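Read through the structure below, which is laid out as structure tokens, and then see the notes.
Everything numeric in this text was worked out from a predicted model, so none of it was measured. Chain letters run A, B, ... following the sequence lines, proteins first and then strands; every chain starts at 1.
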There are 2 protein chains.
Amino acid sequence: MQDSARLDATFQALSDPTRRAILQRLAREGDVTVMDLAEPFAMSQPAISKHLKVLEKAGLVSRGRDAQKRPVHLEAQPLAEATGWLIEYRKYWSAQFGRLDGLLEELQAIEAAAGKN
Amino acid sequence: MQDSARLDATFQALSDPTRRAILQRLAREGDVTVMDLAEPFAMSQPAISKHLKVLEKAGLVSRGRDAQKRPVHLEAQPLAEATGWLIEYRKYWSAQFGRLDGLLEELQAIEAAAGKN
DNA sequence: CAGTTACAAAACCATATAGTTATTTATATG
DNA sequence: CATATAAATAACTATATGGTTTTGTAACTG
């Protein structure tokens, strides 16, 4: 996917509260099944499956296989890219962010290292 | 606006390449008029105005008045909030981000200070 | 092999999005 | 006051989104 299209898909995926909640849950609890994900939401199973498809298309999650279950797994890379986009422009947003430069360099170094996994 | 609804609107606004380009331009060049913004895009003036309305609803830009012109001004706050959401969960994305905690605290302190403008 | 579990796919609906062209409004200027 | 400029609004179109219910399918279980 084109860089820009990937960002489109990532931000689009993040624009829904149900999907953000799904990502948060995956971040905290690790892999979860669709039924488990659907449980806290006032929403049908197919609705959750649709959200998962959106997340999967954006590369934010991948799916495993465990008998009938299709465990959902968080994929961090697109989140890192989206964060990168936002951070890239922070220095312009306000003079107050000027002194962030050092921190940002560190962040980027760590990100680059993490990207090699 | 509710916190969640604000994030919805921000990420939604960021999910379009034209709008991201507008934000980038505002970040680099400061306030710009609608005509100036529209110029590099293969898109009509009303289309740009619509995008600006989306950005304005999300609180990402505000509009001034200079004779017939309505200069567009970048508002950083929602971008900071979106960045905050992403960064908040980074520590979970990978064990490698564990040592970021100190940096993140600093970032958040600066953000909090900036929020008081 | 009949039933159950976990999920996906299909078909449908209402609303939102992203664009268009044409028109209107507000301000400035000759 | 007539015209030009800058931008908003209106009306329309096509497609996408987010939800529903119903149906289908793959894998386990008794």
Legend entry - Counterpart residues, side-chain contact (heavy atoms from CB on, under 4.5 Å), relative to A/D3 (two or more places apart): none
Legend entry - side-chain contact (heavy atoms from CB on, under 4.5 Å) involving B/A21 - partner list, sequence neighbours excluded: B/F41
I'd like to check the side chain to side chain donor-acceptor pair (under 3.5 Å) partners of [X]; sequence neighbours left out, ordered by chain and number.
| X | value |
| --- | --- |
| B/R70 | none |
| A/R63 | none |
| A/Q24 | B/Y89 |
| A/S62 | A/E75 |

Expressed as a whole number of angstroms, how long is the span from [X]:[atom1] to [N]:[atom2]?
| X | N | atom1 | atom2 | value |
| --- | --- | --- | --- | --- |
| A/L52 | C/dA8 | CG | P | 7 Å |
| B/D8 | C/dA16 | CG | C1' | 14 Å |
| A/K50 | C/dC12 | NZ | C1' | 9 Å |
| A/R70 | C/dA9 | CZ | P | 9 Å |
| B/M35 | C/dT27 | CE | C1' | 15 Å |

Legend entry - A/K53 side chain near C/dC7 phosphate (N/O to OP1/OP2, under 4.0 Å): no
Identify all side-chain donor-acceptor contacts of residues 45-55 of chain A below 3.5 Å with residues at least two apart in sequence or on another chain.
| unit_1 | atom_1 | unit_2 | atom_2 | d |
| --- | --- | --- | --- | --- |
| A/Q45 | NE2 | A/S49 | OG | 3.2 |
| A/H51 | ND1 | A/R19 | NH1 | 3.1 |

Inset, instruction - Using heavy atoms and a sub-4.0 Å distance, could you list which residues of residues 56-68 of chain B are near DNA chain C? By number, please. - result: B/A67, B/Q68
Inset, instruction - Check each residue of residues 9-21 of chain A for a non-hydrogen atom within less than 4.0 Å of any atom in DNA chain C, then write out the ones that pass by number, or none. - result: none
At what distance, to the nearest 0.5 angstrom, does [atom1] of [X] lie from [atom2] of [Y]?
| X | Y | atom1 | atom2 | result |
| --- | --- | --- | --- | --- |
| A/L14 | A/Q12 | CG | CD | 9.5 Å |
| B/T18 | B/M43 | OG1 | CE | 3.5 Å |
| A/D66 | A/T33 | CG | OG1 | 9.5 Å |

Inset, instruction - Grab the two heavy atoms, one from A/S4 and one from B/P17, that are nearest each other, plus how far apart they are. - result: OG-CB, 3.7 Å
Legend entry - Residue-level proximity of residues 37-49 of chain A to DNA chain D when a heavy atom falls under 4.0 Å: A/M43, A/S44, A/P46, A/A47
Inset, instruction - On the 0 to 90° scale, with breaks at 30° and 60°, tag the A/F11-B/F11 ring pair as parallel, tilted or perpendicular. - result: parallel
Inset, instruction - Give me the first and last nucleotide of DNA chain D, going 5' to 3', that has any atom under 4.0 Å from a heavy atom of chain B. - result: D/dT5 to D/dT9
Legend entry - Any pair counted as salt bridge (Lys or Arg N to Asp or Glu O under 4.0 Å), so long as it reaches residues 20-31 of chain A, sequence neighbours left out: A/R20-B/D8, A/R25-A/E29
